[in-house]
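A short worksheet on the structure shown next.
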Amino acid sequence: MNIQKSENNPLRPMPFPSLIFLTKISLLLAFVFIASACDDESNPKGKYESGVFIVNEGGFGSANGTITHYDPVSGDTEQNIFRNASGEFAGDVVQSFTFAGDNGYLVINGDNKIEIVNGNTFESQGTIEDIAIDKPRYMEVIGNKAYVTVWGPYEDGGFSLVDSYVLVIDLTNNSVIKKIQTDEGTDNLIQAGSYLFASNNNFGASNTVAVIDPSNNTLVDQITVASGPAGLTTDADGKVWVICTGDFGASNGGLFRINPSTLEVEESIDLDINPDADLAITPDKKNLIYTSGKSVYRFSVTSTDAPAEPFFEAGDVVSNYALGVDPASGDIWIGDALNYATEGKVYIYSSTGEFKTSFTAGISPTQFVFK
């Protein structure tokens, strides 16, 4: 090694030029990384990057459905965060909301359309409209395709559903590319394994779960369960659970576990009540949560018997209209529609059933989306 003298220290070796270059590059990269991190913190994508979104149907035929945003850290709420082209409300009967990438999709049942929003700012990104979008309900996004459950038309002069289906929409150009026929009243959707599962409810008149293969957009099967299949979820083993509301006043609702590979019903649980339509699951995916009026039930996915007593009673709730479980904290959320005409309320309970807080939402809060 050659030792070069410097003016200040004649015995100190001078660093190689390559080392000086590498040191400068390292310092420059570190500066860029820190600056980028600071820039990300000071310039977020939008004020709605996180939080809980409450879907409020609004009054039927009143075109005053809204989205409420709730910040679980500060406890702040903001009402009506998305306005449609008229600048007032999201639309007539906002049925459900789905995030996919940077976009969000509001399924507007009464207006027969889907509003596209920026998922971080809630600014409008366009509208999906098609004659086949007739009373849409829920959406599931797989890749660049959206699957939307559609009730379809009523019979002439009545309110019986006669032609329900799942629509496939190409999200690259927002066009309908396929209609997949199902039993009447197709409703909730969930992806599990290689298939997409859709509950056929029809106000309790249908009793099947449609199975769709998204690789070729075909109906594979319709699995028979009990009357009124509604909410769907998956457990820790990837099994599909569906709650059935039963026949009106018959107290014959049930829970069914479906193997998403064999498409067989592996377990059926008679609940001895008429449960509500929503079904949620705890963060560890080992316990189902469902309701019947003010009663909240907790059911282990390894159990073979319905719980003898409710987990707790939501005593202040007037008209239970929505159920959700925070996938991070396990908090249990209940939407109270009150009189279905004025602003509703949301009640939050801990994972052990203790009341935590409540706040005002829009008219008829019907769904919780945790982001």
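The figures here come from the full heavy-atom set of this structure, side chains too, leaving out hydrogens, waters and symmetry mates. For this chain, numbers begin at 1 and follow the sequence in order.
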Does a donor on one side chain sit under 3.5 Å from an acceptor on the other, for [X] and [Y]?
| X | Y | result |
| --- | --- | --- |
| Q222 | N200 | yes |
| N217 | Y147 | yes |
| T68 | N56 | yes |
| T291 | D276 | yes |
| S199 | N201 | no |
| S364 | T366 | no |
| E184 | S206 | no |
| E57 | Y340 | no |
| T302 | S300 | yes |
| E115 | T127 | yes |
| D170 | T172 | yes |
| N207 | S227 | no |

Just checking [X] against [Y], ring centres under 6.0 Å apart?
| X | Y | result |
| --- | --- | --- |
| F359 | Y347 | no |
| F99 | Y105 | no |
| W333 | Y70 | yes |
| F311 | Y297 | no |

Given side chains that start at C-beta, do those of [X] and [Y] come closer than 4.5 Å, heavy atoms only?
| X | Y | answer |
| --- | --- | --- |
| P136 | N112 | yes |
| D102 | N120 | yes |
| V325 | I281 | no |
| R137 | N109 | yes |
| L232 | L279 | no |

Whether [Y] and [X] form a salt bridge (side-chain N of Lys/Arg under 4.0 Å from carboxylate O of Asp/Glu) is what I want to check.
| X | Y | result |
| --- | --- | --- |
| K285 | D235 | no |
| K356 | E354 | no |
| R257 | E266 | yes |
| K371 | E49 | no |

What heavy-atom pair brings [X] and [Y] nearest, and what distance separates the two atoms?
| X | Y | answer |
| --- | --- | --- |
| K345 | P365 | O-CG, 3.8 Å |
| G238 | A192 | O-CB, 4.3 Å |
| T182 | A210 | CG2-CB, 4.0 Å |

**Prompt:** Out of F248, W151, F159, which one pairs with F203 under the ring-ring contact (aromatic ring centres under 6.0 Å, His included) rule?
**Reply:**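 Of all the options given, the one that passes is W151.
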**Message:** My understanding is that only one of Y138, F122, F368 makes a ring-ring contact (aromatic ring centres under 6.0 Å, His included) with F97; could you say which?
**Reply:**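 With F97 as partner, ring-ring contact (aromatic ring centres under 6.0 Å, His included) holds for just one option, F122.
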**Request:** For F60, look at atom CZ and say whether over 12 heavy atoms of other residues, nucleotides or ligands are found less than 6.0 Å away.
**Result:**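 Incorrect, the count does not exceed 12.
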**Message:** Looking at E343, I'd like to know if its CD atom is crowded, meaning that more than 12 non-hydrogen atoms belonging to other residues, nucleotides or ligands lie closer than 6.0 Å.
**Reply:**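 Count not over threshold, so no.
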Main chain of [Y], side chain of [X]: is a donor-acceptor contact present, judged purely on distance under 3.5 Å?
| X | Y | answer |
| --- | --- | --- |
| S319 | L338 | yes |
| N84 | F89 | yes |
| K294 | F312 | no |
| N259 | T262 | yes |
| D71 | G51 | no |

**Asked** Does the cation-pi check pass for K135 over Y154, that is, NZ or CZ under 6.0 Å from the six-membered ring centre and within 45° of its axis?
**Response**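 Flagged: K135 positioned over aromatic ring of Y154.
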**Prompt:** Is there a side chain to side chain donor-acceptor pair (under 3.5 Å) between D183 and T208 once you walk through the steps?
**Reply:** CA-CA 7 Å; D183 285 341; T208 57; 2.5 Å; yes
**Asked** Given the rule in the side chain to side chain contact (heavy atoms under 4.5 Å, CB included) test, do L255 and L288 qualify, once you have shown the distances and angles that lead to the verdict?
**Response** CA-CA 10 Å; L255 284 168; L288 302 174; 4.0 Å; yes
